[in-house]
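Here is how names work: the chains are called A, B, and so on, in the same order as the sequence lines, proteins then strands, and each is numbered from 1. No experiment lies behind these values; they were computed from the predicted model shown.
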2 protein chains.
Amino acid sequence: MKNTDHIPQNAASVRALDAIDRKILGELGRDATLSFSDLSQRVGLSAPAVHERVKRLKAAGVIKRTVAILDGPALGKTLLAFVHVDTTGWGKTAALMALAKLPEVEEIHSATGDTCLIMKVRVASSEALEGLLSQLYDVDGVRSTRTYVALSTHLERTVQADISDELALGPHIK
Amino acid sequence: MKNTDHIPQNAASVRALDAIDRKILGELGRDATLSFSDLSQRVGLSAPAVHERVKRLKAAGVIKRTVAILDGPALGKTLLAFVHVDTTGWGKTAALMALAKLPEVEEIHSATGDTCLIMKVRVASSEALEGLLSQLYDVDGVRSTRTYVALSTHLERTVQADISDELALGPHIK
DNA sequence: ATTGAAACGACCAGGCG
DNA sequence: CGCCTGGTCGTTTCAAT
């Protein structure tokens, strides 16, 4: 008797990602302009089959959206920085989250360590960065900030579909 | 011999971005699946005209690529962290840059402040993070690391085309 | 999941402001 | 020189096997 048959199939859209799904995600994560015909022969399926899978992956939220990656400097945003914000009390206040409306603010995370909030910001100039920090200190509860300016970016990409073998099982034995 | 062939297109295609270009970039940065017909009526131009502009923006490198944004947790990567790496000497060694081959490493920046390198990593577990840190300490010249684990992510997006009015001129205007 | 067919969008050419 | 109109072709996407 095979008890592996009791796989919950009632939730059709939440079934586990197989190897083909991961390969599709890997390709689209690198280049979303690929046609379904190109994709199909890379993964060894027909175009409609791949189309069906992509639709499923989008519906399931695995593919959140597809966007054009823009060049900061070309848009005049030459300065990238990470700002660590130390607050009194818990950092996630509405006033702080309101900073998300600024297009210069790209990321906001609550974090462990000696800081409460980590922001990734990309601005046009040091003056603009100063303006942002000025707005930060205007927020009630902001105790201090520490800013790390990126001098050069050696790698910058979005979530990758792959998982490295070395890290899959933790620190390897030497 | 036609030496006009490899003239860098300074005058012709590297002309400044106008308002329509910025609007196009704004839309595509949010959703690159838009059809040219949709785009065209949003910016008030014909489809071929928009097509021409997008082609120019890609050639100029303003649009670097278009990718599918994937969901980390859905792929099993539930742990996001920023690792600050302190090194002896200058941080940008080949051994450190080799870590870019790990799909878990999403960003590597050289930075000012009390650290040399900032890495953004997304891993499947705390064990995987430990494995990554273990590899880091194996690299010659790595003195210490400080890790900030993201407890929750309130905002995470790519480079935005817009520039906020408040920051455009620095902190002087209130 | 595959095949075939229909609808749509991308993309090229020529002409106008 | 950049934009618009018409036309062609490839692609997406649906229906049936």
Side-chain angles (χ1 to χ4, degrees), chain A residues 4-5 7-71 74-75 161, chain B residues 2-70 161:
Chain A
T4 57
D5 286 1
I7 295 171
Q9 285 177 341
N10 42 1
S13 64
V14 202
R15 78 160 191 264
L17 274 47
D18 63 9
I20 294 182
D21 286 328
R22 285 204 119 82
K23 184 151 191 185
I24 290 174
L25 293 169
E27 296 289 345
L28 291 183
R30 236 166 277 122
D31 180 12
T33 67
L34 280 171
S35 72
F36 283 104
S37 8
D38 279 348
L39 248 185
S40 64
Q41 57 188 34
R42 288 192 195 197
V43 304
L45 255 60
S46 75
V50 175
H51 179 261
E52 183 66 27
R53 280 171 179 259
V54 170
K55 203 171 64 177
R56 206 192 67 224
L57 291 168
K58 280 182 177 169
V62 183
I63 296 177
K64 297 202 282 190
R65 60 196 192 282
T66 112
V67 302
I69 303 293
L70 309 180
D71 185 64
L75 290 164
Chain B
K2 300 194 293 186
N3 47 6
T4 59
D5 279 4
H6 49 43
I7 285 182
Q9 312 104 332
N10 15 13
S13 69
V14 192
R15 73 161 194 268
L17 274 45
D18 63 11
I20 295 182
D21 285 328
R22 285 203 119 83
K23 185 150 191 188
I24 290 174
L25 293 169
E27 296 289 344
L28 291 183
R30 233 166 279 123
D31 179 13
T33 67
L34 281 171
S35 72
F36 284 105
S37 8
D38 280 347
L39 248 185
S40 64
Q41 58 189 32
R42 290 193 194 199
V43 304
L45 255 60
S46 75
V50 175
H51 180 262
E52 184 66 25
R53 279 169 179 261
V54 170
K55 203 170 66 176
R56 205 191 67 225
L57 291 168
K58 280 183 178 169
V62 183
I63 298 177
K64 296 203 283 191
R65 58 196 193 282
T66 112
V67 301
I69 303 294
L70 309 179

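- Across all non-hydrogen atoms, the minimal contact from A:Ala161 to A:Gly26 is CB-N, 3.8 Å.
- Side chain of A:Lys55 to main chain of A:Val50: no donor-acceptor pair is present (N/O by atom type, distance under 3.5 Å, no hydrogens or angles).
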Notebook entry, point to check: For nucleotides 1-17 of chain C, read 5' to 3', which letter fits each nucleotide if B means a protein heavy atom sits under 4.0 Å from the base, S means only the sugar-phosphate is that close, and - means neither?
Noted result: SSB-----SSSB-----
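- Residues B:Asp31 and A:Arg65 are not paired through a salt bridge, judged by the lack of any N-O separation under 4.0 Å between the basic side chain and the carboxylate.
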Note to self: Would B:Glu27 and B:Asp38 count as a side-chain contact (heavy atoms from CB on, under 4.5 Å) here? Give the steps.
What the structure shows: CA-CA 10 Å; B:Glu27 296 289 344; B:Asp38 280 347; over 6 Å; no
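- Smallest separation of non-hydrogen atoms from A:Leu70 and B:Lys64: O-CE, 3.7 Å.
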